[in-house]
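Accompanying notes for the structure given below.
Reminder, nothing fancy here: chain letters follow the sequence lines and each chain counts from 1.
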Amino acid sequence: MYVAVKGGERAIENAHAWLAEERRGDPSVPELALDQIREQLKLAVNRVMAEGSLYDPDLAALAIKQSRGDLIESIFLMRAYRTTLPRFGVSRPVDTAAMACIRRISATFKDLPGGQILGPTFDYTHRLLDFALAAEGEAPRAPITEGAEPAAVPHVTEFLNRDGLIQEEPHSDETPGDLTRNPLELPANRPLRLQALARGDEGFVLSLAYSTQRGYGRTHAFVGELRIGLVAVEYDVPELGFAIHLADIELTECETVNQFKGSRSEPPQFTRGYGLVLGQSERKSISMSLVDRALRWRELGEDYIGAPAQDEEFVLSHCDNIQATGFLEHIKLPHYVDFQAELELVRRLRAEALELTGAPAMKEAAE
Amino acid sequence: MTAIAQTPTETDAYNFAYLDEQTKRMIRRAILKGVAIPGYQVPFASREMPMPYGWGTGGVQVTAACLVPEDRLKVIDQGADDTTNAVSIRRFFQRTAGVAVTENTPEATVIQTRHRIPETPLTEGQILVYQVPIPEPLRFLEPRETETRRMHALEDYGLMHVKLYEDIARHGQIATSYDYPVKVEGRYVMDPSPIPKFDNPKMSDNAAIQLFGAGREQRIYALPPYTKVVSLDFEDHPFVASKADHPCGLCGSTDSYLDEVIMDDQGGRMFVCSDTNYCSTRREAGHIGAMAAPAPAQPQERRAE
Amino acid sequence: MNALAQTPTPEVPLLAVRDLHKSYGARIGCTDVSFDLWPGEVMGIVGESGSGKSTLLSCLAGHLTADAGQVIYDGRTTGPRDVLTLSEPERRMLNRTEWAYVHQNPRDGLRMGVSAGGNVGERLMAVGARHYGAIRSTASDWLGRVEIDANRIDDRPSAFSGGMQQRLQIARNLVTGPRLIFMDEPTGGLDVSVQARLLDLLRGLVREMGLSAIIVTHDLAVVRLLADRLMVMKSGRVIEQGLTDQVLDDPQHAYTQLLVSSVLQV
């Protein structure tokens, strides 16, 4: 006698209980506190905020803890939470020129107003495992120079812009579209592309950017400027008639200076790519600006050579890791109805084929 | 169904049926547009849901936008009420909307489904919500959304038949067994979601409203009641709604879609209804299949728990 | 256009082009192009690369949008209409019924992943054919007419030689009985002997079906064989036009003389 499989509900409950136990690991090891994650795994927190498109280090730390360090799962938790939040309004555009930079470098000029600020970077560290970290030691303190006042740090591309050496971005006060409120319809404009890239998967955007450097849509990019620091978020309150300062958030901004273009009628000018990411996320912002630049081929009158990074529909349809991972993993779900239909079809086709060749339908006939 | 241990805060933290009212209104507008243009894919601003894309987020959003507190919800996956993902989605709405649930098809006011249409004919007033992974029937012929939208707009569907032609040329028949494309009211070619082609005829002239939600792809489309839905075919190779040529081992039905179950490693197998509610209803009515236990009363009724 | 559109006489050209102009920024693609194409007539357009002949063909066929001018086509049911003002659905309908376009590279005009039969059948299905057997026998018949063995009907074009691919592209285009066919260097990438066979075939089909055609080529031998009339283009302008033999045997313009003397070895 056959009794069909039942009990999906209990299986789910038990699986989730097991998951919770596994998440905690060995109970004799002290549990991670959220502030430990927030402070000591800050770059993971930053990535979760950036791709979760929600600036909240504590929530991101919680998501990382809950997801056992699976960052895409953490991003998913953030996104699912984010959609439920009410919207009070939209802030003023943040002014990255007024950023309090902790890091600011330019690859195109040796020195420049505001100076090169190396900041807390992995650059020039030797990638040697530091076994002193394994032994619990007191953290080193960085030296502080007395009386060093942060100077104004103007954008590098502004220097080029002043001389007309770089293509000017069209100014617009138009409210950009919102990917999270309206369906993405193609072709998309640049604000929408940048939105999608800003929350796109770091690995995907990195690989695309890398592919442009290797010749699949080459744009000859230099980092005109990379800056990391705090900017003020201001909100216009209609009742008050002025803007109030809501918070300071950390951003990473990258502007690339790319190959010049020009023609008989227009003198040559450099072109730009742009990347802006929540938190400290250099790799992502540089990658984003390369991909942004590659996607601008039409606007800048370049040839479409069929490179993946030039293909807006390809890039925008596949950069979101939450969409990607969901659809990828859904093939774990039962598909036995479809599979059954395929099974019947293959059996029928085989039976017909065997009949034609006159071979005995051995195994299938025994059914 | 046993009541899920639910704390009041869990429900109160979210709006009825999870989505906020603004979002529901936006989805309802898309649904109405879809109903007004049967088979046309309406873009909508799909929200991130607390379940992964590809796991029914489109269907869940459509269901959430349709549900009212008086509704009685049925959720099936592969025709069954107790497959894990069906259980998970049903629980989600029990927690966030607190609506009554049922496994009994005629009792349900809203049915969310993945990959099947219930065997029991639907009636006026019922809503059938399909979970759709890829809403674009032309997608695997033409990967570009910009181009497929143009093809729909211009009714440029020759390529679809080229695909069917190639099937016959190679296999002697149309080798598509599920996700079989249809034409709606002589206008739009539509993807019926990955239901077996056996279910395709049930879509046509159906008394219920049929709504299709694709979350990841941000599309909603619809068939209002009694819409004409035709499976694409050739005059000399007409569409055939096929299924395994067996009766159900449990209820003896010869006209329901069957799952094949492997019984042992000696090649033993049996065929049972994929629609679990249909099968148990038949057994309760005294229909006994060849491989069912002799006693008519089967301990299958979970709803009695 | 009005004068043309209102003349109900049978003496209406199939295609009447007036003052067609297309530029790419400051550069002229083609300009001041006017001519009539009569039913059953084959027009050749010759010139060196960059002369604007391909731009002109693309504008006529609707692949490029002309900046100014008129292209009046005498449709079977619609009568004379300016195709530059057609809506996209109307243009697509024209493209799969009354017009045909043979690309230089058969890869651009064929579906390489679809069998020869499917390639020929596509236009039939696009206009509503729904009988598999009938589509297949029409496809098979057309393969015969372009000298492709009928037992290759289920093979993909990738398994065909260049000449066969080009003949398949022609069959795919002619299957719905078009009236006007555009050809862009149809013998371009082929060996000389294969070219000759293709030209023979084309000449036969054009005569037999009463087709009108516009052929762009840099090969004067092609137009000598196929074209009734000839236009010579240079720097985006038509510098000479007339009966083919007349132009080739007695070229008036210095450039045409150069072209004929340097290239024509027939």
Side-chain angles (χ1 to χ4, degrees), chain A residues 1-9 11-12 15 76-84 86-87 178-187 313-314 317 320 322-331 333-349 352-353 356 363 366-367, chain B residues 14 18 20 43-50 52-55 57 77-79 82-88 91 114-116 133 144-146 171-173 175 177-179 194-198 216 218 242-244 249-250 257-261 263 267 269-270 272 274 276 291-293 300 302:
Chain A
M1 192 200 75
Y2 168 75
V3 180
V5 188
K6 292 266 178 184
E9 194 153 338
I12 290 174
F76 186 8
L77 289 168
M78 289 288 270
R79 292 267 195 98
Y81 179 75
R82 180 191 194 277
T83 19
T84 66
R87 294 215 162 185
D178 184 346
L179 263 188
T180 65
R181 296 283 132 168
N182 295 300
L184 176 65
E185 292 192 50
L186 298 162
E313 185 158 347
F314 179 82
S317 305
D320 189 290
I322 302 307
Q323 291 178 358
T325 196
F327 198 60
L328 179 97
E329 295 189 36
H330 106 282
I331 60 174
L333 287 178
H335 281 80
Y336 48 74
V337 161
D338 295 345
F339 184 69
Q340 186 66 34
E342 292 283 82
L343 208 55
E344 304 292 340
L345 178 66
V346 172
R347 281 192 182 129
R348 198 164 56 242
L349 293 176
E352 281 165 18
L356 279 179
K363 280 203 165 161
E367 182 196 89
Chain B
Y14 293 102
Y18 183 76
D20 61 279
F44 82 111
S46 176
R47 297 289 191 254
E48 263 111 0
M49 298 300 285
Y53 284 115
W55 298 51
T57 53
D77 188 340
Q78 314 294 302
D82 62 351
T83 35
T84 41
N85 203 43
V87 168
S88 163
R91 255 168 64 159
R114 178 168 169 262
H115 295 189
R116 276 309 313 274
R144 276 170 199 287
E145 181 68 21
T146 37
H171 302 293
Q173 55 185 276
S177 57
Y178 63 93
D179 225 340
I195 56 173
K197 67 176 184 174
F198 173 81
R216 192 178 40 80
Q218 308 195 311
S242 62
K243 68 176 204 63
L250 295 179
Y257 192 76
L258 301 171
D259 289 336
E260 181 172 334
V261 181
M263 305 289 284
R269 58 187 65 158
M270 73 181 290
V272 294
S274 117
T276 49
M291 297 177 80
Q300 290 290 322
R302 280 175 53 80

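Put simply, OG1 on Thr83(A) and OH on Tyr18(B) are 4.5 Å apart, with the number rounded to the nearest 0.5 Å. If you take CD on Glu48(B) and CZ on Phe76(A), they are separated by 8.5 Å, rounding to the nearest 0.5 Å.
Interface remark: of the candidates His171(B), Arg116(B), Arg144(B), Arg144(B) forms the most heavy-atom pairs closer than 4.5 Å to chain A. Residue with the most contacts toward chain A among Ser242(B), Ser177(B), Ala86(B), Pro52(B): Ser177(B) (heavy-atom pairs, distance under 4.5 Å). Interface remark: of the candidates Asp338(A), Leu345(A), Ile331(A), Leu343(A), Asp338(A) forms the most heavy-atom pairs closer than 4.5 Å to chain B. Taking Gly249(B), Pro133(B), Ser46(B), Gly79(B) one by one and counting their heavy-atom pairs under 4.5 Å with chain A, the maximum is reached by Pro133(B). Among Asp179(B), Thr146(B), Asn85(B), the residue making the largest number of heavy-atom pairs under 4.5 Å with chain A is Thr146(B). Contact count versus chain A (heavy atoms, under 4.5 Å) is highest, among Pro194(B), Ser274(B), Gly172(B), for Pro194(B). The greatest number of non-hydrogen atom pairs below 4.5 Å with chain A, out of Thr83(B), Ile195(B), Thr84(B), is found for Thr84(B).
Between Trp55(B) and Glu329(A), the closest heavy-atom pair is CZ2-O, 3.5 Å. Nearest heavy atoms, Leu184(A) versus Gln218(B): N-OE1, 3.1 Å. Ala244(B) approaches Glu344(A) most closely through the heavy-atom pair CB-OE2, 2.8 Å. The nearest pair of heavy atoms linking Val337(A) to Pro196(B) is CG1-CD, 3.3 Å. The two residues Asp259(B) and Gln340(A) have their closest heavy-atom pair at C-OE1, 4.1 Å. In this structure, Gly54(B) and Leu333(A) approach most closely via the heavy-atom pair O-CD1, 4.1 Å.
For OH of Tyr81(A), the number of neighbouring non-hydrogen atoms (other residues, nucleotides, ligands) closer than 6.0 Å is 12 at most. Shown here is Phe339(A), whose CZ atom has no more than 12 heavy atoms of other residues, nucleotides or ligands within 6.0 Å.
Contact annotation for Arg348(A): only side-chain heavy atoms (C-beta onward) come within less than 4.5 Å of a heavy atom of chain B. With a threshold of 4.5 angstrom between heavy atoms, Phe198(B) does not approach chain A through any atom at all. Contacts between Thr180(A) and chain B at a heavy-atom distance below 4.5 Å involve the backbone alone (N, CA, C, O).
Within the 4.5 Å cutoff, the side chain of Glu313(A) has heavy atoms near those of the Glu145(B) side chain. The shortest distance between side-chain heavy atoms of Asp20(B) and Pro86(A) does not fall below 4.5 Å. Looking at Asp77(B) and Pro334(A), their side chains come closer than 4.5 Å, going by heavy atoms from C-beta outward.
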*asked:* Apply side-chain contact (heavy atoms from CB on, under 4.5 Å) to residues Arg47(B) and Arg181(A) and explain how you reach the verdict.
replied: CA-CA 8 Å; Arg47(B) 297 289 191 254; Arg181(A) 296 283 132 168; 3.4 Å; yes
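The salt bridge (charged side-chain N to carboxylate O under 4.0 Å, His left out) check on Arg216(B) picks up nothing, with sequence neighbours excluded. Residues that satisfy the side chain to side chain donor-acceptor pair (under 3.5 Å) test with His335(A), not counting sequence neighbours, are Arg114(B).
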